[in-house]
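Just so it is clear, the values below take in all heavy atoms, side chains as well, and ignore hydrogens, waters and symmetry mates.
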Amino acid sequence: MSAERGSVIDLRRRAIDLPERMDADDADPEMLARTYARFPYVNAILAGRRGLHSREIDPRARHGRIRVLDIGCGGGDIARYVARRLRRDGIRAEVIGADIDARAVRWASDADDEGLVRWRCVSSAQLVAEGESFDVVLSNHVLHHLSASQLADLLNDSTRLTAPGGIAVHGDIARSRTAYALFDALTRPIADTLLKNSFIREDGLLSIRRSYTAAELAAVAPPGWRVQRRFPSRLLLVHAGHLY
């Protein structure tokens, strides 16, 4: 039985026809702001940001200055986390948070009291056109929002934006009954408190239904990209160059 009123949820295939409410142009601005503000709590558990930093960012940062790009940065908590870790470690770094949604970029910029990140309302294609290059290109929970053509474009752009010896890592949810049940169980007790008046619970459950399985993601990934499984119910789509 599903989390939603006892109806049976079909997780055998991607529910790509079900839109998430926060993506709507007319999404309630107060609910959207509260959603951005609550993302750090959710991502601290689900995004695997500490492992990403230790596996992919820190080894490249040891070679001196590092440039990191967060595509589809949303409320910007991942970009701020990365920038704060690098500053703490005394690494010269430029972290850019990019999103095509001006609402997200405004909120992320306002929330960045320390000026840790350079925020840009720009697409990956625009960054390619500008000739940008980064040691680490990442995204978090972006892939399931994209159509097939948009996914192909993002991966092509990511490859072109990654500097020699750099890496592109796109993390997302792995669709499964376990993931759905776990997110439901974790968010239900706080739906009327911490998550109240936000899109996190409703859109989070939809996100799982829209997401890929490991096999599905591997089937659409271009040559040179590989799928990695991470706990809990997480997938990484990775394109890496060799470290010098």
Side-chain angles (χ1 to χ4, degrees), residues 14 20 22-23 35-36 38-61 66 68-86 95-99 104 108 117 124 134-146 150-159 161-162 166-176 178-180 182-183 186 200 203-222 224-241:
R14 296 184 64 212
E20 296 181 34
M22 70 175 296
D23 290 338
T35 300
Y36 291 144
R38 295 297 180 262
F39 272 154
Y41 300 102
V42 177
N43 286 333
I45 299 172
L46 300 180
R49 60 190 191 184
R50 182 176 298 179
L52 171 67
H53 194 96
S54 62
R55 288 191 310 270
E56 314 298 357
I57 298 176
D58 186 57
R60 289 167 174 83
I66 186 171
V68 180
L69 171 65
D70 182 4
I71 300 176
C73 63
D77 58 292
I78 299 295
R80 291 194 303 275
Y81 172 84
V82 169
R84 192 173 292 113
R85 283 280 302 264
L86 291 169
V95 179
I96 293 179
D99 203 298
V117 178
S124 57
F134 300 89
D135 302 290
V136 179
V137 175
L138 62 90
S139 76
N140 181 57
H141 297 166
V142 169
L143 302 186
H144 70 266
H145 290 274
L146 306 178
Q150 289 170 334
L151 175 62
D153 289 343
L154 173 65
L155 300 183
N156 180 57
D157 291 343
S158 298
T159 302
L161 288 167
T162 304
I167 191 167
V169 184
H170 297 293
D172 212 338
I173 309 159
R175 188 181 79 253
S176 69
T178 298
Y180 194 90
L182 179 61
F183 189 83
L186 289 174
I200 287 179
D203 277 4
L205 291 169
L206 282 174
S207 292
I208 296 169
R209 298 176 65 183
R210 290 177 58 92
S211 294
Y212 295 88
T213 64
E216 289 169 345
L217 190 56
V220 298
W225 291 85
R226 68 182 188 278
V227 176
Q228 299 178 0
R229 299 174 185 264
R230 295 283 183 242
F231 178 84
S233 298
R234 186 161 177 81
L235 299 176
L236 300 181
L237 186 57
V238 180
H239 189 284

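Put simply, the side chain of V68 does not reach to within 4.5 Å of the side chain of F134, judged on heavy atoms. Within the 4.5 Å cutoff, side-chain heavy atoms of H141 are placed close to those of N43. With contacts defined as side-chain heavy-atom distances shorter than 4.5 Å, the pair V220/Y212 qualifies. For the pair W225 and S158, the minimum side-chain heavy-atom distance is below 4.5 Å. No side-chain heavy atom of V137 sits less than 4.5 Å from a side-chain heavy atom of H239. For the pair N140 and R234, the minimum side-chain heavy-atom distance is below 4.5 Å. Here the side chains of I200 and M22 are not in contact, with every heavy-atom distance at 4.5 Å or above. A 4.5 Å side-chain heavy-atom check between V82 and V117 finds every atom pair outside the cut-off.
Taken from CG in D172 to CD1 in I208, the straight-line distance is 10.0 Å, to the nearest 0.5 Å. Atom CG of L217 and atom CZ of R175 lie 11.0 Å apart (nearest 0.5 Å). The distance from atom CG of L235 to atom CD1 of I173, rounded to the nearest 0.5 Å, is 9.5 Å. In this structure, the separation between OH on Y180 and OG on S211 is 12.0 Å, given to the nearest 0.5 Å. Distance check, rounded to the nearest 0.5 Å: CG of L161 to CG of D135 gives 12.0 Å. We find the CG-CG distance between L154 and L237 to be 9.0 Å, quoted to the nearest 0.5 Å.
Closest of all the heavy-atom pairs between A61 and L86 is CB-CD2, 3.8 Å. Minimum interatomic distance between L69 and A98 (heavy atoms only, all atoms of both residues): CD1-CB, 4.0 Å. Nearest heavy atoms, S176 versus S233: OG-OG, 4.2 Å. Heavy atoms only, all atoms of each residue included: Y36 and G75 are closest at CD2-N, 3.6 Å.
Partner of H144 under the side chain to side chain donor-acceptor pair (under 3.5 Å) criterion, out of E20, R209, R210, R14: E20 alone. Each of R55, E56, R229, R226 was checked for a side chain to side chain contact (heavy atoms under 4.5 Å, CB included) with L236, and the lone residue meeting it is R55. When V142, L143, L146 are each tested for a side chain to side chain contact (heavy atoms under 4.5 Å, CB included) with H170, only one passes: L143. Remark: of the listed residues V169, I57, D70, I57 is the sole one forming a side chain to side chain contact (heavy atoms under 4.5 Å, CB included) with V136.
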Original post:
Hey, mind stepping through F39 and I78 against side chain to side chain contact (heavy atoms under 4.5 Å, CB included) and telling me if it holds?
Top reply: CA-CA 9 Å; F39 272 154; I78 299 295; over 6 Å; no
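Under a 3.5 Å cut-off, the side chain of D99 and the backbone N or O of G74 do form a donor-acceptor pair.
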